[in-house]
Amino acid sequence: MAAIQHQINFALSVADTTLILLHRNSECCGHGPVLEQDIAITNIALDLLGQSRNFYQYAAALINDVVKSGGAAALPALSEAFEGEVNEDTLAYLRNERAYKNLLLVEQPNGDWAQTILRQYLFSQYQLFLFEQLQYHEDTGLAAIATKSVKETAYHLRWSSEWVIRLGDGTGESHQRMLNAIGALWRYTGEMFIPADYEREMNINVELLQQQWSKSVKKVFKAATLSVPDWKIAAKMQTGGKQGIHTEQLGYILAVMQYMQRAYPGCEW
Amino acid sequence: MLQQDAENYFQAKIDQDIKIEPKDWMPEAYRKTNIRQISQHAHSEIVGMLPEGNWITRAPTLKRKAILLAKVQDEAGHGLYLYAAAETLGISRDEMINDLHSGKAKYSSIFNYPTLTWADIGTIGWLVDGAAIINQVMLTRTSYGPYARAMVRICKEESFHQRQGFESLLVLSKGSAAQQAMCQDAINRWWWPALMMFGPKDSESTNSDQSMKWKIKRKTNDELRQQFVDMCAEQVKLLGMTLPDEKLHWNAQRGHYDFGEINWDEFWNVVKGNGPCNTERLAARRKAHEEGQWVREAAMAYAKKRSTAPPGEGLVRA
């Protein structure tokens, strides 16, 4: 039973992270700096939404199986929150701040285009390596979702890394804005590589992810004429997202996102 | 060729339903009318992203969120084709966008109304996209080739949006009392503005006669509006809702629905910029453009550096 709980938590953590990032990206829709890029970031939001739904559906099926077989007591945090079967919407719309397991990075505000782009890049660079691992995971359900998603993520990475380079090596102003974005976001990258218990139990090789990610980020930053912040300042790294300890941002995101389901409980839409 | 001969030849092509193409000779007024109309249409797509985009973060289910995101993204795509179609007439996208921001160019007044509840999203799909399709189906046969071809593609997506909107209202209409009330309220608020989308009455429309002769338009405002009323008066029955017009009733003699008078004071007032959201919509577009200035400059500066760099030094792959 403990193993299933780890499986569920891991799937929820991936689903939550993609959902919260797409929420942020979707805030840009209609407000992008140029029409083509408005379309691009909305496209990425749509891909992330599809990924997020797949992981929620996967988690919901596991939860429903456990509950059906009388094991609900093993899922205290989940079984209390819902009546009846769970689905993608109950998981997204009816869990509170402390139950969300998304990375802190993705809940940070859009800021300017530099910050929006850098957040996407730092995440996509991580997500690509994560999905590459998951493609070969012994859990065939997770492997199937990762296989389906990996091409999309490769595109998100290409698009966002090209923008990091373009802005870093663009004008004096764009370079400065990239530095500001790094200043704002870098401290949220550390937790990606501190394994949560559910990641460890699911045999996610987080050390490998960190090596791959650091190497790639260094390469892209170099092309962008930006330098990677010194890892010796690791003490400044913020953590807690994976355990449901968030920044103040998440509460507002959920208040907006969950408003309809909270105001009109139990309706079909 | 003499000017008069050119004009006769041009009109003869129109009369034979031969499309006018970008490199063909055309009267200056024909060019200007098309630029005005196509750019206005493009701006409507872009400004129209705002009221619907307003509900993306609050969509009640993940499926509805996906549908809405995809729809708003489609509108952006339509804006893109239409700007491209207008550019074939010798105006740049920057000029068109400046005209929008300065208030010189108009966009559809419907987008100056606020989206207050979730039901507004379905109602926009049903009524606003529905009205737009009636106009756009006509425009697939408009005389300017690039515009007509853009419309064929756009119409396919718009009719999909309309069906999605109607389906979303159908769910509300079968839902809780609160959902049904939300649905009726949204229909009440959007019905009259949707009728206004067809423009002034034929007797008051300044651009109509010449546009009909040039086959830029192929039906009058009043004809299109009647077609829309006839369609919606039937569809609303499927929802078990009503349209907010006491004068709406079937006229067997005419073979059409009769309907009440539009509040033309409201129509002109919104056109003049005094609608509920005119200020907000333009401010949002200007803000996006101004805040994007440094981004566009950086992209250009980078592209310039790359074009002078030795081959092979393009963007690295991460």
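What you see below is based on every heavy atom in this structure, not just the backbone, and it leaves out hydrogens, waters and symmetry mates. Order of the sequence lines fixes the chain letters, A, B, ..., with proteins taken first and strands second; residue numbering starts at 1 for each chain. As the structure is a computational prediction, the values presented were derived from the model and not from experiment.
- The closest donor-acceptor contact from the side chain of A:Thr189 to the backbone of A:Trp186 lies under 3.5 Å.
- For B:Glu291, no part sits under 4.5 Å from any heavy atom of chain A, backbone or side chain.
- Residue contact with chain B, scored on non-hydrogen atoms closer than 4.5 Å, is absent for A:Arg24.
- The pair A:Asp169-B:Arg306 counts as a salt bridge, with a side-chain nitrogen and a carboxylate oxygen less than 4.0 angstrom apart.
- For A:Ala45, the parts lying near chain B are the backbone and the side chain together; criterion is any non-hydrogen pair under 4.5 Å.
- Annotation: maximal heavy-atom pairing with chain B below 4.5 Å, among A:Leu128, A:Asn43, A:Ile117, occurs at A:Asn43.
- Taking the six-membered ring where the residue is Trp, A:Phe193 and A:Trp213 present tilted rings, their angle falling between 30° and 60°.
- Interface remark: of the candidates A:Glu173, A:Glu268, A:Glu27, A:Glu36, A:Glu36 forms the most heavy-atom pairs closer than 4.5 Å to chain B.
- Only the side chain of B:Arg296 has a heavy atom closer than 4.5 Å to any heavy atom of chain A.
- The candidate from A:Arg177, A:His175, A:Gln37 with the greatest count of non-hydrogen atom pairs under 4.5 Å with chain B is A:Arg177.
- The aromatic rings of B:Trp55 and A:Tyr259 are tilted relative to each other, their planes meeting at an angle between 30° and 60°.
- Both the backbone and the side chain of A:Ile39 come within less than 4.5 Å of a heavy atom of chain B.
- Neither the backbone nor the side chain of A:Ile253 comes within contact range of chain B, judged by heavy atoms closer than 4.5 Å.
- Contact of A:Asp38 with chain B is made through the side chain alone, with heavy-atom distances under 4.5 Å.
- Note on A:Asp112, A:Asp89, A:Thr171: by heavy-atom pairs under 4.5 Å with chain B, the leading option is A:Asp89.
- Within the 4.5 angstrom heavy-atom criterion, only side-chain atoms of B:Ser176, from C-beta onward, approach chain A.
- With a threshold of 4.5 angstrom between heavy atoms, A:Ala263 does not approach chain B through any atom at all.
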